[in-house]
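Below is one structure, written out as structure tokens, with a few remarks after it.
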Protein chains: 4
Amino acid sequence: MTKTKQEQSSERREEILGIAARLIAQRGYSATTVRDIAEEAGILSGSLYHHFASKEAMIQEILHGFMDRLLTRYDEIAANATDPRAGIDALIECAFETIGREPSAVGLYQNEAAFLATQPGFEFLVAESERIETIWIGQLRAGQSAGVFRPEGDPAVTYRFIRDAVWSTVRWYRPGGRHTVESMSTQFLALVHSGLDAD
Amino acid sequence: MTKTKQEQSSERREEILGIAARLIAQRGYSATTVRDIAEEAGILSGSLYHHFASKEAMIQEILHGFMDRLLTRYDEIAANATDPRAGIDALIECAFETIGREPSAVGLYQNEAAFLATQPGFEFLVAESERIETIWIGQLRAGQSAGVFRPEGDPAVTYRFIRDAVWSTVRWYRPGGRHTVESMSTQFLALVHSGLDAD
Amino acid sequence: MTKTKQEQSSERREEILGIAARLIAQRGYSATTVRDIAEEAGILSGSLYHHFASKEAMIQEILHGFMDRLLTRYDEIAANATDPRAGIDALIECAFETIGREPSAVGLYQNEAAFLATQPGFEFLVAESERIETIWIGQLRAGQSAGVFRPEGDPAVTYRFIRDAVWSTVRWYRPGGRHTVESMSTQFLALVHSGLDAD
Amino acid sequence: MTKTKQEQSSERREEILGIAARLIAQRGYSATTVRDIAEEAGILSGSLYHHFASKEAMIQEILHGFMDRLLTRYDEIAANATDPRAGIDALIECAFETIGREPSAVGLYQNEAAFLATQPGFEFLVAESERIETIWIGQLRAGQSAGVFRPEGDPAVTYRFIRDAVWSTVRWYRPGGRHTVESMSTQFLALVHSGLDAD
DNA sequence: CATGAATGAGTATTCATTCAT
DNA sequence: CATGAATGAATACTCATTCAT
């Protein structure tokens, strides 16, 4: 009934969403006030409501956008993967690239998704997480069947180890330091494929 | 006159801290109100202030206790480790045990430490985290020097991959399910030592 | 420079005033927002200010128009009344007709006039109400003097009983139901003239 | 779950409810702010929430109490009425007494009930209003059957004329003036029984 | 030790209004 | 005439904290 402007993506909206994502990634959802966001955007907090229906609507839009983009990429990778090893590598590389491209959204997702998933209006988080999980586990299982990955180990658990290690880098990786997203990606691939041990 | 009651560690205090840890781990620090905690403890929120100076004091005590216990164990492990491989294994096993023993504290640490570390009164978080990091990286570096670990890879980055993968399990591991803390520990050790790839 | 547009009574103005009257009659003055009104009119709330100086100006215009039309009719009735009984009947019938013709204005008047009368800018409400009261009480008193109405009873109180019973019907009368404005008028006249009791 | 204190009627609660009823009766529900109420009670607006869950909860409690008391009295009257004439008289006298005893609640009911009845949480208004209507119409119909009231006229409409005329007096009756509640009651009974006309 | 009443600063949100385009 | 972005003040409500009892 009441027309949400969710679809008419003006630049101003995107700008504000970017600010919100950054602040929420830094401080957490409930520790970030709409005043904080508005102030950073150079307007009064009430004026935010010209663009968004609520604080909740903002984070929903951020998370929904993030997950949709991610799933699109993952789907493409899964569709084009020639073999499971290449598939897993591409998924990992894609995750690291995503950290480089939109660290705020990743950080926010990493910090808040678990809690928000239990809240009404965020059911999409569970649904899309499961689709992502299916893609990853599919590659891992295919690799085990093909004999390119070790047969022992629950793929669901392995997936979570990999996922958490990769996404968590967003908390400590700072561009411009000793490492790039690519170098971390490389190092992670080496570790995950061959392990720590020397032969 | 005003005597800090921090030392008279009555059972009631511990009970309340446990409740607080659990709630904060579930909902986050700022989303958990002192009323929530008091209600769960069966008292009124004002009465909490008979036991603790402030909400901040509660989380400080929780985190300080957690990190002190952890560091004590890590120090012991480092002191007794016969070789780097055994040392790393013991550290990883210790972390998984800690997840089993005090999941609330781990969860809370995992969710809130990064933000709280930037706040006044939480400087100890940075200090103790650095000591922990030193212990881990020491073992990794020793393993590389001894030739038991592959020489390539920045040990600081490897440490963070391992740390994040391990601690993050607290977010999805539920006792009583398909896996135990021990089985996850075992699977993780296999992955980290030998990697995914079949020989 | 700033010319009040009160005089250029475009159809659009009247249309918007009608919408405003209806909404305010339903929800009350302060519970009706200018956004509600604008939305119903198919424009944005800011655009209302092209037609009216303020929300207050809108309700002033509605009420002023309503009372002016009513007074005009009452004046005519009082001027033409051949005897007090006919006069009272005509006043009552006129009120019921008004309810049929402009129920929103009546409802809004019924709900809001008492409060608004105490607010600056609404002094006309008191003044016109008094003129109306004078007309009614004049007829009642004339009837008592002429012996056609019972001599006991304070005409001022009788007037208010009648006025409130009549105007209040706007709250529950719905056209298209069992009763018409005329049938209610008839029943009310019977009650007010002869009372409940059988002879 | 969350214990509403609705039942533990401290004096403070009653005092605040009285203030709220008075202000809301004067200005209307949405024009009365919780700040207004708190200020009049000599506390800060936030402190109101120690006593009541919300502004809505306050008006619900006021209206519920009012209607319950009224229905109790009406039920008693209907149970003890020896004949319909006496029954109607007692109902009317009871209403005028109620105006004298709790004018704020009556005024608030008169002004806000129609709108609030459409809102969630106020379903009891409709239910109790219908029970009241049943009692009144029962007496009117019994009087018609017994031949003590004129047979013409829809009792449902007659009831509403009487109800509105009586309750509306709360808007203009001021104690200490020319009339008392009793004298108004007397005058109203004379009008409603015998009508305006001299024999 | 606990209650219950209160504070005071803050939170998200609403709303009448303004104004450049 | 209308839009869309913004203001600024107000609104209901929350929450950590205090304190007399």
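When reading the values below, keep in mind they use all heavy atoms of this one structure, side chains included, and skip hydrogens, waters and symmetry mates. In the text below, chain A, chain B and the rest are named by the order of the sequence lines, each starting its count at 1.
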Checklist entry - Mapping A:Glu56 and C:Ala53 to their closest nucleotides on DNA chain E, which lands nearer the 5' end? => result A:Glu56

Checklist outcome for this item: Judged by nearest nucleotide, the residue sitting upstream toward the 5' end of DNA chain E, D:Gly46 or A:Ser45, is D:Gly46

Between atom [atom1] in [X] and atom [atom2] in [N], what is the gap in whole Å?
X       : N      : atom1 : atom2 : result
A:Ile37 : E:dT11 : CD1   : P     : 12 Å
B:His50 : F:dC19 : NE2   : C1'   : 13 Å
D:Glu39 : F:dT11 : CD    : P     : 10 Å
C:Arg35 : E:dT17 : CZ    : P     : 13 Å
C:His51 : F:dT3  : NE2   : C1'   : 13 Å
B:Leu48 : F:dC15 : CG    : C1'   : 13 Å
B:Ile24 : F:dA16 : CD1   : C1'   : 13 Å
B:Lys55 : F:dT14 : NZ    : C1'   : 11 Å

So does [X] get a side-chain nitrogen or oxygen closer than 4.0 Å to the phosphate oxygens (OP1/OP2) of [N]?
X       : N      : answer
D:Ser47 : E:dT7  : yes
D:Tyr49 : F:dT14 : no
A:Arg12 : F:dG4  : no

Checklist outcome for this item: Among E:dA16, E:dT17, E:dA12, the one nearest any side-chain atom of A:Thr33 is E:dA12

Checklist entry - E:dA6, F:dT17, F:dA12: which one has an atom nearest the side-chain heavy atoms of D:Ile43? => result E:dA6

Next on the checklist: I need the A:Tyr49 OH to A:Leu44 CG distance, nearest 0.5 Å.
Outcome noted: 13.0 Å

Next on the checklist: Can you tell me how far apart CG (A:Leu48) and CD1 (A:Ile37) are? Round to the nearest 0.5 Å.
Outcome noted: 6.5 Å

Whether the side chain of [X] engages the backbone of [Y] through a donor-acceptor N/O pair (distance < 3.5 Å, no angle test) should be reported.
X       : Y        : result
B:Arg69 : B:Gly65  : yes
D:Gln60 : D:Gly121 : yes
D:Ser47 : D:Ile43  : no
C:Arg13 : C:His51  : yes

Next on the checklist: Just to be sure I understand the rule, does D:Leu44 reach a base, reach only the sugar-phosphate, or reach nothing, if contact means heavy atoms closer than 4.0 Å?
Outcome noted: base

Checklist entry - Which part of the nucleic acid does B:Ser30 contact within heavy-atom distance under 4.0 Å: base, sugar-phosphate only, or nothing? => result nothing

Item to check | Interatomic distance at P, E:dC1 relative to F:dT21, whole Å | outcome: 22 Å

Item to check | Candidate list C:Leu116, C:Val170, C:Leu63, test side chain to side chain contact (heavy atoms under 4.5 Å, CB included), partner C:Tyr109, passing option | outcome: C:Leu63

Item to check | Earlier contact from the 5' end, DNA chain F, for B:Ser54 and A:Ile16 | outcome: A:Ile16

Checklist entry - Closer to the 5' end of DNA chain F via nearest nucleotide, is it D:Asp36 or B:Ala31? => result D:Asp36

Next on the checklist: With a 4.5 Å cut-off on side-chain heavy atoms, are C:Phe115 and D:Arg27 touching?
Outcome noted: yes

Item to check | Angle of first-five versus last-five pair axes in the helix from E:dA2-F:dT21 to E:dT21-F:dA2, to 10 degrees | outcome: 10°

